[in-house]
Amino acid sequence: MTQSIVVQVGQCGNQVGCRFWDLALREHAHVNKNGLYDEALGSFFRNAVLVDMEEGVVNEILQGPLREVFDSTQLLTDVSGSGNNWAVGHMTYGSAYREQIVDKLRKAAEHCDCLQCFFLIHSMGGGTGSGLGTRVLGLLEEEFPEVCRIVSSIYPSAEDDVVTSPYNSVLAMRELTEHADCVLPVENQSLVDIVNKIRQMSHGGKPGSAIKRDSAVISGQGGLSGAEKPFDAMNNIVANLLLNITSSARFDGSLNMDLNEIAMNLVPFPRLHYLVPSLTPLYTLADVSVPTRRLDQMFSDAFSKDHQLIRADPKRCLYLACALMVRGNVQVSDLRRNIERLKPSLPFVSWNQEGWKTGLCSVPPVGHSHSLLALANNTCVKPTFMELRERFTKLYRKKAHLHHYLHVEGMEQSFFSEALGSLSSLIEEYHQLDATKGRLVPDAPRLGIAT
């Protein structure tokens with residue numbers, strides 16, 4: 001059985017990771033009524049490395065019901081934090097803790113018979129998640145060059161309260177572009193919008209339509225993690241993304257998708273590995289008393305803007321490839337039928353019109369008959385990156401807050417210009433692909449076979 005290692009870095013990374021483990025344990029408890037560790041549970045849940053340069057979140061995990069899931073030797077904390085400074089996380093802590101981090105990663109890898117993938121969870125706006133998170137990514141490439149690296153990155157909104165978040169995000173972007181195999185970008189603002197939408201759905205005026213207490217949207221009193229905390233609702237959405245993407249590794253299915261197949265099939269150009277995630281349903285555990293969506297409706301939902309974890313418009317841009325990961329009692333014929341139905345509305349590059357990858361896992365999320373995760377390699381990420389570049393440039397033009405970074409040992413001003421150049425180059429690569437959209441070439445007619 002193949003295994004993955006989850007690496008959680010920074011406050012946000014550990015909060016999202018905590019929600020993921022909580023919900024994943026509920027899934028396995030629901031399926032495995034005897035409450036025993038099965039092979040999938042045993043191999044998957046022993047493999048985590050938790051890193052934060054503040055103690056708060058990791059200490060909460062150690063004192064809570066999830067403490068038995070983690071091996072305490074796989075945790076690494078400091079007390080002072082990174083001060084919302086990428087350079088402190090990447091340079092200062094990255095150098096100070098390099099050996100300890102590598103040691104913990106190696107020990108986690110030793111537990112695996114067939115290590116297939118590292119999942120890195122972090123945010124882009126702060127110091128530890130962006131700085132140390134991307135330093136850990138580089139170490140993963142150095143130490144385990146053959147193992148796939150999938151990164152779930154939480155991008156700050158334009159109204160972020162960390163004034164230096166554009167610097168941190170662009171400096172981190174360069175590392176993600178160079179060292180990750182796949183990045184699943186998630187925007188804070190999209191999570192806020194989705195949570196608000198779910199709350200509106202739950203207050204539709206119908207009796208009993210409130211969000212249930214023990215729910216994955218608000219996590220309620222019934223969850224392993226206890227009462228709801230700030231950001232739980234948003235973190236649960238990212239946790240659901242991770243639940244769906246790892247379901248094939250945790251449960252059986254007629255068409256299970258190996259995690260390393262995602263990069264193999266969805267990334268035709270190494271730098272263009274940013275995959276837009278969309279989820280349906282957006283809630284789990286029957287949180288919201290709304291009618292269950294029919295299977296075909298769910299496929300349509302997965303390609304609507306309301307279900308994406310970044311604000312973008314893929315149908316107006318260009319698909320390089322797309323993966324569909326379906327859970328529940330779904331047949332291959334259902335997949336094929338819906339792909340054929342949706343294809344005419346989805347503009348694919350001319351040289352990869354059949355660029356679909358599909359996976360079927362037989363176990364649905366708790367409280368649902370089906371779920372669907374779509375991962376689209378699409379040029380629609382370009383506006384998100386352009387907006388980030390614009391916010392970076394506003395600060396950098398004035399050299400605002402630069403001294404906080406340049407005081408850090410090992411940090412040079414050239415890092416900023418190189419990171420900006422890397423982002424601009426990435427945007428240009430997407431732009432060049434977009435420019436081909438108007439002249440998509442239909443498939444050449446095939447030669448008939450003489451009889």
Side-chain angles (χ1 to χ4, degrees), residues 148-151 153 173 176-178 180-187 245 255 257-280 299-305 307-326 332 335-359 372-389 422-447:
C148 183
R149 297 172 297 283
I150 299 178
V151 186
S153 302
M173 277 282 296
L176 292 180
T177 300
E178 292 184 5
D181 290 304
C182 290
V183 178
L184 312 176
V186 176
E187 283 183 324
I245 208 170
L255 191 66
M257 188 193 300
D258 279 347
L259 292 166
N260 56 7
E261 290 182 71
I262 295 172
M264 187 76 69
N265 289 274
L266 265 63
V267 182
F269 306 112
R271 285 164 54 85
L272 307 187
H273 54 234
Y274 293 85
L275 309 178
V276 177
S278 53
L279 277 173
T280 176
F299 276 89
S300 299
D301 288 346
F303 290 91
S304 85
K305 290 191 287 186
H307 287 255
Q308 288 169 196
L309 303 194
I310 77 165
R311 290 166 299 160
D313 195 353
K315 289 185 181 178
R316 291 181 179 273
C317 298
L318 201 55
Y319 283 86
L320 306 184
C322 186
L324 294 175
M325 306 173 88
V326 188
V332 174
L335 273 172
R336 287 190 184 131
R337 185 184 73 255
N338 278 286
I339 288 173
E340 290 304 316
R341 177 174 67 85
L342 291 163
K343 259 166 85 170
S345 64
L346 306 174
F348 269 70
V349 287
S350 59
W351 40 264
N352 200 24
Q353 293 283 308
E354 302 301 320
W356 295 84
K357 179 67 185 168
T358 53
L372 174 57
L373 165 67
L375 297 175
N377 192 342
N378 190 293
T379 58
C380 67
V381 293
K382 185 179 70 170
T384 298
F385 297 159
M386 288 171 71
E387 184 186 310
L388 179 58
R389 179 175 64 179
S422 171
L423 181 56
S424 293
S425 171
L426 186 70
I427 290 167
E428 181 57 27
E429 287 172 61
Y430 281 114
H431 182 68
Q432 287 175 5
L433 277 168
D434 257 342
T436 68
K437 183 172 179 248
R439 39 180 210 271
L440 291 182
V441 183
D443 285 345
R446 291 194 174 95
L447 290 173

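Here the closest heavy-atom approach between residue Ser345 and residue Lys315 is recorded as O-CG, 3.9 Å. Here the shortest heavy-atom pairing between Phe348 and Ala321 reads CE2-CA, 3.9 Å. Of all heavy-atom pairs spanning Leu320 and Asn352, the tightest one is O-ND2, 2.7 Å.
Applying the side chain to side chain donor-acceptor pair (under 3.5 Å) rule to Thr280 yields no partners; only residues at least two apart in sequence or on another chain are considered. A search for side-chain contact (heavy atoms from CB on, under 4.5 Å) contacts involving Ala312 returns Gln308, Ile310, Cys380, not counting sequence neighbours. Scanning for salt bridge (charged side-chain N to carboxylate O under 4.0 Å, His left out) contacts around Arg341 gives an empty result, with sequence neighbours left out. The salt bridge (charged side-chain N to carboxylate O under 4.0 Å, His left out) test applied to Glu387 returns Arg391, not counting sequence neighbours. Qualifying salt bridge (charged side-chain N to carboxylate O under 4.0 Å, His left out) partners for Lys343, counting only residues two or more places apart in sequence or in other chains: Glu340, Glu354. The salt bridge (charged side-chain N to carboxylate O under 4.0 Å, His left out) check on Asp313 picks up Lys305, Arg316, with sequence neighbours excluded. Remark: Pro270 engages no residue in a side-chain contact (heavy atoms from CB on, under 4.5 Å) (not counting sequence neighbours). For Thr177, the side chain to side chain donor-acceptor pair (under 3.5 Å) partners at least two apart in sequence or on another chain are Tyr274. By the side-chain contact (heavy atoms from CB on, under 4.5 Å) test, Met264 pairs with no residue at all, sequence neighbours left out. Taking Ala374 as the reference, Ser278, Ala302, Leu324 meet the side-chain contact (heavy atoms from CB on, under 4.5 Å) condition, with sequence neighbours excluded.
Taking SG from Cys148 and CD1 from Ile262, the interatomic distance works out to 7.0 Å, rounded to the nearest 0.5 Å. Expressed to the nearest 0.5 Å, how far CG of Leu272 lies from CG of Leu266 amounts to 12.5 Å. Separation of atoms CD1 (Ile427) and NZ (Lys382) is listed at 8.5 Å; rounding is to 0.5 Å. In this structure, the separation between NE2 on His273 and CG on Leu184 is 10.0 Å, given to the nearest 0.5 Å. Separation of atoms CG (Leu372) and CG (Leu335) is listed at 8.5 Å; rounding is to 0.5 Å. Here the CG atom belonging to Leu279 is positioned 11.0 Å from the CE atom belonging to Met325, to the nearest 0.5 angstrom.
Side-chain contact check for Cys322 versus Phe303: some heavy-atom pair is nearer than 4.5 Å. Between Tyr430 and Cys317 there is no side-chain heavy-atom pair separated by less than 4.5 Å. Between Thr436 and Ser350, every side-chain heavy-atom pair lies at or beyond the 4.5 Å cut-off. Taking 4.5 Å as the limit, every side-chain heavy atom of Thr358 sits out of range of all side-chain heavy atoms of Val326.
More than 12 heavy atoms of other residues, nucleotides or ligands shown are found within 6.0 angstrom of CZ on Arg337.
In this structure, the side chain of Thr379 engages the main chain of Leu318 through a donor-acceptor pair within 3.5 Å. Asp181 places no side-chain N or O within donor-acceptor distance of the main-chain N or O of Ala263, the cut-off being under 3.5 Å. Looking at His307, its side chain never comes within 3.5 Å of a backbone N or O of Ser300 through a donor-acceptor pair.
Residue pairs meeting the salt bridge (charged side-chain N to carboxylate O under 4.0 Å, His left out) criterion with at least one member in residues 261-280, sequence neighbours excluded: Glu261-Lys357, Arg271-Glu429.
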Take Met173 and Ser422, measure what side chain to side chain contact (heavy atoms under 4.5 Å, CB included) needs, and give me the verdict at the end.
CA-CA 8 Å; Met173 277 282 296; Ser422 171; over 6 Å; no
